[in-house]
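Working notes, structure below.
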Amino acid sequence: MFYPTGRYNLNFDFGAILLDAILLIFYLLRPRIIRERRTRTFLILLFTLSLSAVSEVCASICRNIMGEGIPIDLGILRISTFFSHFFHNSLPFTLCIYLYEVIGITHRTSRRTYILLSIPEVIMIVFLFIPPLRTLVYYFTNTGEYMHGIIYIQLYVAIHVFYLSLSLFTVISYRKALLPPEYISILVVVIGFGLSMIPMVINQYMKITIFLQSLLVMIICIILESDNDQFESSTGLRRRYALWKDVRQCFETRNKASVISVKISSLSYYRMILGTLTIRHLEKMIGTWLQQFASDKIRVYHTQEESYAILFYQIDEDEVRKIAGKIQLRFHEEWNCDEAPVFLTTQIWIGAIPDQITDEDQMNVFIDSPYDERLPENTLHFQNNMAPQQRMKDVEFSLQHAISNNSLEVFYQPIFDTRDSRIHSCEALVRMKDEKGGYFAPDEFIRVAEQTGMINRLGIMVFEKMVSFLAEEKPEQYGLDFVEVNLSPVQCMDPQLADQLTEILSLYHVPASKICLEITESAVIHNETAMRSAIEKLGAAGFSFALDDFGTGNANYSYVMKYPFQIIKIDKSFLWGAEKDENTRIILTNMLSLVKSLKRHAVVEGVESEQQRDFMISCGVDYLQGFYYSKPVPRDRFINFLMNFRV
Ligand code: C2E
Ligand code: CA
Ligand code: CA
């Protein structure tokens, strides 16, 4: 089993050189940031291993030649022997430092700890450098024969045992900072490094140790350093997954860190106009610009299509703010994207781990919550309290659940016709139950649905439920002429909307004339071109339209009236305001006469009392909607209401 003594076996060392060279080439060829300390440390480990193999081969060849009685240059023998000792004894130290990097504790490891950690390595170097001490490790006889000194084995064993047990201890203490495959592979590597010393102690001629260690470093390369899943090839930035890993590590190793989250608002809009390729170029430009801040302690991530994040390890708050300020300023300027100037609006958030962001869930909310339309553009925000974002995430989660379970409900609120005192129509309003059996406010979850793109599915679901209600209950038998249903501006951007709606109608054999689509005033002014084409298509399909929340969007009335809105719904704030304030009363009565003279029908919303009803009837309003008649109710209660309705 053992290799015969007297002549050094070089086969494994040659194998090790080959293996290390392949690892080095692959590692250096990858598009990866050499600026980082972890990468540099791994490269030092790989170089130490390679040089250890090379110097050992050199020394062994010299000794083999001398063993055959051929004289050689003793200088080469001495130098290669020195380096083979130096590099091989330095391996456990470099491995230990590398593992500190992998676990992520280097950012909070003090200089003093590093100095203490280096003492055994320094002692080893002193022993190798100072000739009288060196003879204790190894020496050459007068004939040039290489001999082990009296502490040769002790020095080797001591240094390996020290660094490997320290590594083992650290890895086990911080195992939660690692993913299971990482943890197991590190254990294998550390234990394997120890075991690989055994053949060397048993038979110095066998020379298999470095080859075994190269195999172990290959495991590191495959499991710990293969980071294609962490880096985005198009921008070269880290992905969301990498941020998740790094943040998890911060919490597990009790590292302090700050995070900047850059949320961009208008990117999807530009994607529609400029195309995906140009936007990819733009994303790369933004990424490269942000990458200028990257260093050993600062990492940049492209977390989602429209957001970037920067993680700062142990960097003081002022520095973080300064960088956030620079980012904010940069986004005030244009991005020159394939000759087209692009202006992006952002919100920049700063949060601290663990003071403000106390756990991984909060971090996910901090990073993944979308651009908040209610907050001002191009502003800097400090995360003091995660509650609003957490709430948004909860709503998003419930919404996903409700959409995939088809558990959204549709309620109906009657609209009263003052001219013939009957319920002539109703408004369909979506409802989503919360976990306590109550309901989420539609205003809240509709906004989240719009921001997350779920509104299209939600809108179609509501529409289908409403159409099935018309088909099954046939409310026209109780005098109901049509149903009004809300369309979100986001839905109107979908070129397929008209086809989808008509398909549902034909499925249930319901004519489009039974449906009036409500579009808000602000939607019409903010998305003129898209709205015009959506309204044209839907109008051609036979739908009629109502202008919702009239008076709240500061629209130029004559401009809005160019659209085919047969019904104008006056926002409830006007009726409620008119009761208290003379000016609002004047505005309301003027609005009503304007609608009348333009030959449209007005609906006044928010009628809650008899006085309000009488006041509106005296103003000659055609239609009234409000709690005075009924709150929005489920379909069977609404049918009951229709059957029993008396003025
Ligand atoms: P909206 O379109 O202005 O709907 C009228 C809102 O006023 C409804 O609130 C209704 O319950 C409420 N309301 C009606 N009469 C009275 C009253 O007399 N007093 C008071 N205090 N409130 C009254 P709701 O159901 O909470 O809906 C809020 C908003 O959510 C809606 O405002 C609409 O913008 C949106 N929404 C609701 N359902 C849908 C839907 O299916 N699709 C879309 N895109 N938006 C919806
Ligand atoms: Ca409405
Ligand atoms: Ca309204």
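Model, not experiment: these values are computed from the prediction. One-based numbering, in listed order, for ligands and for the atoms of each. Hydrogens, waters and symmetry mates play no part in the numbers below; they use all other heavy atoms, side chains included.
Remark: Arg422 is not positioned above the aromatic ring of Tyr478, lacking an NZ or CZ atom under 6.0 angstrom from the ring centre and at most 45 degrees off the axis. Geometric assessment of Arg330 against the ring of Trp335 yields a positive cation-pi assignment under the 6.0 Å and 45° thresholds.
Between Leu547 and Ile567, every side-chain heavy-atom pair lies at or beyond the 4.5 Å cut-off. Looking only at side-chain heavy atoms (C-beta outward), Arg585 and Glu582 come within less than 4.5 Å of each other.
For ligand 1 and Ser488, the ligand atoms under 4.0 Å from any heavy atom of the residue are 44 (N). For ligand 1, the atoms sitting less than 4.0 Å from at least one non-hydrogen atom of Val462 are 41 (O), numbered in the order shown with element in parentheses. If you number the atoms of ligand 1 from 1 as listed, the ones under 4.0 Å from a heavy atom of Glu608 come out as 17 (C), 18 (O), 19 (N), 20 (C), 21 (N).
Inclusion of Arg431 in the set of residues having an N or O under 3.5 Å from an N or O of ligand 1 is warranted. Polar contact with ligand 1: absent for Gln491 (N/O pair, distance under 3.5 Å). Considering backbone and side-chain atoms alike, Tyr628 places every N or O at 3.5 Å or more from each N or O of ligand 1. The N/O atoms of Val430, backbone and side chain alike, include one that comes under 3.5 Å of an N/O atom in ligand 1. Here's the thing with Gln625: none of its N/O atoms is less than 3.5 angstrom from an N/O atom of ligand 1.
Taking 3.0 Å as the criterion, Asp548 counts as a coordinating residue of the Ca ion (ligand 3), since one of its N, O or S atoms falls below it. Put simply, Asn486 gets within reach of the Ca ion (ligand 2), with an N, O or S atom under 3.0 Å from it. Among the backbone and side-chain atoms of Glu518, no N/O/S atom is found under 3.0 Å from the Ca ion (ligand 3).
Neither the backbone nor the side chain of Thr520 has a heavy atom within less than 4.0 Å of ligand 1. With a 4.0 Å heavy-atom cut-off, ligand 1 is reached by the side chain of Asp549 but not by its N, CA, C or O. Only the side chain of Glu427 comes within 4.0 Å of ligand 1, judged by heavy-atom distances. Residue contacts with ligand 1, taken as heavy atom pairs separated by less than 4.0 Å, do not involve Met466 at all.
Closer than 4.0 Å to atom 24 (P) of ligand 1 lies at least one heavy atom of the protein. Contact annotation for atom 32 (O) of ligand 1: protein absent (non-hydrogen atoms, distance under 4.0 Å).
Annotation for Leu277: atom CG does not count as buried by contact number, only 12 or fewer foreign heavy atoms lying within 6.0 Å. Applying the 6.0 Å contact sphere to NZ of Lys465 captures more than 12 heavy atoms from other residues, nucleotides or ligands. By the neighbour-count criterion of 12 heavy atoms within 6.0 Å, atom CZ of Arg419 is densely surrounded, having more than that number from other residues, nucleotides or ligands. Within 6.0 Å of CD on Glu334 lie more than 12 heavy atoms contributed by other residues, nucleotides or ligands.
Nearest to atom 8 (C) of ligand 1 by heavy-atom distance, out of Asn486, Leu429, Ile455, is Leu429. The option with the heavy atom closest to atom 22 (N) of ligand 1, from among Phe445, Phe627, Tyr629, Phe463, is Phe627.
If you check which protein heavy atom lies closest to atom 35 (C) of ligand 1, you get Ile446 CG1, 4.2 Å. Scanning the protein heavy atoms around atom 15 (N) of ligand 1, the nearest turns out to be Gln413 NE2, 3.0 Å. Protein heavy atom in closest approach to atom 6 (C) of ligand 1: Lys572 NZ, 3.4 Å. Here the protein heavy atom with the shortest distance to atom 28 (C) of ligand 1 is Asp443 OD1, 3.5 Å. In this structure, atom 11 (O) of ligand 1 lies nearest to the protein heavy atom Pro632 CG, 3.4 Å.
A salt bridge between Glu317 and Arg321 is present, with a side-chain N of the basic residue lying under 4.0 Å from a carboxylate O of the acidic one.
In Glu427, the N, O or S atom that comes nearest to the Ca ion (ligand 2) is OE2.
Residues Glu283 and Thr235 have side chains that never bring a donor and an acceptor to within less than 3.5 angstrom of each other.
When OE2 of Glu605 and OD1 of Asp549 are joined through the Ca ion (ligand 3), the resulting angle is 160° to the nearest 10°.
The shell of residues lying under 4.0 angstrom from ligand 1, judged by heavy atoms, excludes Lys569. Judged by the shortest distance from any of its heavy atoms, Phe440 lies outside the 4.0 Å radius around the atoms of ligand 1. Heavy atoms of Gly606 come nearer than 4.0 angstrom to ligand 1 in at least one pair.
Ring centroid separation for the pair Phe343 and His332 does not come in under the 6.0 Å cut-off. Close placement of the Tyr439 and Phe411 rings is indicated, their centers lying within 6.0 Å of each other.
A ring pair (Phe, Tyr, Trp, His ring centres under 6.0 Å) check over residues 490-511, counting only residues at least two apart or in different chains, returns nothing.
Aromatic ring orientation, Phe445 versus Phe440: perpendicular (interplanar angle above 60°, classes split at 30° and 60°).
Of the possible polar contacts, none joining the Thr358 side chain to the Pro354 backbone as a donor-acceptor pair under 3.5 Å is found. Side-chain N or O atoms of Arg299 include none that pairs as donor or acceptor with a backbone N or O of Arg238 at under 3.5 Å.
Applying side chain to side chain contact (heavy atoms under 4.5 Å, CB included) to Tyr301 and the options Leu237, Asp246, Leu290 leaves one that passes, Asp246.
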